[in-house]
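Worksheet for the structure shown next.
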Amino acid sequence: MNTPESIASLFDKYLRNQCDAKELHLLSEALKKQPSSVFFDLMEKDWDTFEEENIPGISFQKGDAVMNTILRKKRVSFGSKIQLKNWAAAACLALFVVGTAGAIVRWYQTQPVIYTSTPFRPLQLPDGTQVQLNHQAQVSYRESFWGDFRRVKLRGEAFFKVFPNKHQPFIIESSRASIRVLGTQFNAKQHKQGLWVAVTEGKVVLSNAQGNSVSLVKNQWGQALDNGSLEVESGDVQNYLSWQEGRFLQFKNVAFPILVNQLERLYGVKMLWPASMRNKYLTATSRYEPLAQLLPKLSLSLNINYRIENDLVVFSEK
C-alpha cells in the first residue's frame, strides 16, 4: 500500500468519492508515513488534469467559499462523502492527514486563476511575467508560483515577456504540447493541429506530447503537431505579432509559398493554391485585419482569384 503507485491510485479513487471507510483509513495512514511533498505532488497532478468545465454547476468562486469554511474548522469529519470539487475533497483530507491548517493554507494560496483579458490590455503574473492575450484567448495560473516550475496553461494565442529566473523555469502548457523558458519573449498559439511559437528574444524549448523537443532562438518559429512532428523555420517573425495593437503586416518581396504559410499560421486556416503561383512575389504593408478584408487586397496586388470554403481558402489564376 505504501508504494507511490498504490497511494496515487487510492488518492484518485478518494477524489471521485469512491473510497469506503477502510480505504480512507489506509490512505490516511499511508500518507502520514510519507513526506508532505508527496501529498502536494498528488494534488498538483490532479490540477494538471483538471478542467473546470468538466464539472457542470461548480465554479471556482463556489470552491473558494467551501475552502474558506474548511480553513475555519480545526477538525473535519469524514462521516459523509464530499460532493463538491475534487480539490475541496483533497483539502479536507489534508487537514485530516497533516493535522494542521498551515499545510492546506500553503496549497490554497496556489489555487488557479483563470484570466480572459480584453485584447491589448497586458496582464502581469505573480512573478512579474507580462502576458498579452489575443481575442478569445485564456491563460490560467496559480496565485503564487512555488516549487520547481512556474506553470501556466494557455488556450488560444498570447505574447509572453517572461521574467528571468534560472532557478525556476517557466512552462506554458496546452492540451497538446508545452513550452519551457527561463526568461525570454515570444508569441505562442494553440490551434487545431497543435501548438506553435515564434521567438523574438532569448531561447525556448518546444516539446510535444510524445516527449520530443526542439530549441528555438530569436527569429525562429517552431510548431509541435498532433501527429508527433516538430517543425522549425528561421526568418523574421514580426508578422506573427501583427495581431497586437498598432502593428502591421509587412511583406518585402515575399515568395507566394512563404506568404501562404504565414497567413495560414496567423489566421488558423488552410490555403490551397496551384503550382503556377510559386513564382509570384509580394511587397506590401497592411494593418492587421480580419482575413475576409485582407484577401481582396491580396487578390488585387497579385492579380489572382480566391474563394472561401469554411476554414479553407482556395486561390486560382485569373
Side-chain angles (χ1 to χ4, degrees), residues 131-134 136-137 139 151-162 169-244 247 249-275 277-282 288 291 294-295 298 310-315:
V131 184
Q132 186 170 331
L133 298 176
N134 201 347
Q136 299 181 333
V139 63
R151 295 181 185 271
V152 302
K153 291 188 176 183
L154 173 67
R155 293 180 184 175
E157 183 173 25
F159 182 78
F160 290 83
K161 293 183 179 180
V162 177
F170 190 94
I171 296 180
I172 300 172
E173 298 175 333
S174 76
S175 59
R176 301 175 176 90
S178 67
I179 300 169
R180 174 173 173 156
V181 302
L182 294 177
T184 184
Q185 299 181 26
F186 56 92
N187 197 80
K189 183 176 184 178
Q190 181 187 24
H191 58 89
K192 294 179 180 179
Q193 289 77 39
L195 177 69
W196 67 254
V197 57
V199 183
T200 60
E201 294 289 343
K203 178 181 178 181
V204 310
V205 177
L206 176 64
S207 302
N208 60 18
Q210 290 74 25
N212 301 315
S213 62
V214 62
S215 296
L216 304 169
V217 295
K218 182 178 179 179
N219 281 331
Q220 282 193 317
W221 173 93
Q223 180 170 226
L225 295 174
D226 289 348
N227 61 14
S229 64
L230 289 167
E231 300 178 355
V232 178
E233 293 180 8
S234 298
D236 190 352
V237 299
Q238 292 304 310
N239 276 344
Y240 296 125
L241 313 181
S242 60
W243 59 269
Q244 299 180 41
R247 289 184 175 269
L249 283 166
Q250 294 185 337
F251 302 103
K252 299 178 181 179
N253 200 32
V254 175
F256 193 78
I258 297 176
L259 170 67
V260 168
N261 285 340
Q262 291 191 8
L263 294 179
E264 285 181 330
R265 296 162 188 163
L266 195 57
Y267 290 98
V269 298
K270 181 67 177 177
M271 296 182 170
L272 298 180
W273 49 279
M277 293 184 179
R278 184 175 299 276
N279 294 324
K280 289 184 177 293
Y281 291 83
L282 177 68
Y288 179 83
L291 184 60
L294 179 65
L295 287 174
L298 289 179
N310 298 319
D311 290 333
L312 178 67
V313 177
V314 181
F315 294 105

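Two residues are said to be in side-chain contact when any heavy atoms from C-beta on lie closer than 4.5 Å; Lys203 and Ser215 meet this criterion. Considering only heavy atoms from C-beta on, Phe256 stays 4.5 Å or farther from Leu298 through its side chain. Considering only heavy atoms from C-beta on, Phe170 comes within 4.5 Å of Val152 through its side chain. With a 4.5 Å cut-off on side-chain heavy atoms, Phe160 and Ile179 do not count as touching.
Counting heavy atoms of neighbouring residues, nucleotides and ligands inside a 6.0 Å radius, atom CG of Asn310 does not exceed 12 of them.
Listed by chain and residue number, nothing satisfies the side-chain hydrogen bond (donor to acceptor under 3.5 Å, both in side chains) test with Asn279 (two or more places apart in sequence, or in another chain). For Asp226, the side-chain hydrogen bond (donor to acceptor under 3.5 Å, both in side chains) partners at least two apart in sequence or on another chain are Arg176.
In this model, a donor atom of one side chain and an acceptor atom of the other lie less than 3.5 Å apart for Ser234 and Gln220.
The CD atom of Gln262 sits 11.0 Å away from the CD atom of Gln238 when rounded to the nearest 0.5 Å. Here Gln223 contributes atom CD and Leu216 contributes atom CG; the two are 11.5 Å apart, rounded to the nearest 0.5 Å. Note that OG1 of Thr200 is 8.5 Å distant from NZ of Lys161, once rounded to the nearest 0.5 Å. To the nearest 0.5 Å, the span separating CH2 on Trp243 from NZ on Lys189 amounts to 10.0 Å. To the nearest 0.5 Å, atom CZ of residue Arg180 and atom CD1 of residue Ile172 are 13.0 Å apart. With values rounded to the nearest 0.5 angstrom, Ser213 atom OG is found 7.5 Å from Leu230 atom CG.
Below 30°, between 30° and 60°, or above 60°: for Trp221 and Trp196 the angle between ring planes is between 30° and 60°, a tilted geometry.
At least one donor-acceptor pair under 3.5 Å links the side chain of Asn208 to the backbone N or O of Gly228. A distance-only check finds no donor-acceptor pair linking the side chain of Asn212 to the backbone of Ser229 [under 3.5 Å].
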Donor-acceptor pairs under 3.5 angstrom involving side-chain atoms of residues 263-271: please list them, not counting sequence neighbours.
{"residue": "Glu264", "atom": "OE2", "partner": "Met271", "partner atom": "N", "Å": "2.8"}
{"residue": "Arg265", "atom": "NH1", "partner": "Glu233", "partner atom": "OE1", "Å": "3.2"}
{"residue": "Arg265", "atom": "NH1", "partner": "Tyr240", "partner atom": "OH", "Å": "2.6"}
{"residue": "Arg265", "atom": "NH2", "partner": "Glu233", "partner atom": "OE1", "Å": "3.3"}
{"residue": "Arg265", "atom": "NH2", "partner": "Glu233", "partner atom": "OE2", "Å": "2.7"}
{"residue": "Tyr267", "atom": "OH", "partner": "Glu289", "partner atom": "O", "Å": "2.6"}

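In plain terms, the two heavy atoms of Leu272 and Leu312 that are nearest each other are CG-CD1, 3.7 Å. Between Ser178 and Ile171, the shortest heavy-atom contact is CB-CG2, 4.4 Å. Listed here is the closest heavy atom pair of Ala224 and Ser207: CB-O, 4.3 Å.
For the side-chain contact (heavy atoms from CB on, under 4.5 Å) criterion with Phe186, the lone passing option out of Leu241, Val237, Val197 is Val197.
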- request: For Arg278 and Trp273, run side-chain contact (heavy atoms from CB on, under 4.5 Å): C-alpha distance rounded to whole Å, both residues' side-chain angles, the deciding distance at 0.1 Å, then the answer.
  value: CA-CA 9 Å; Arg278 184 175 299 276; Trp273 49 279; 4.0 Å; yes

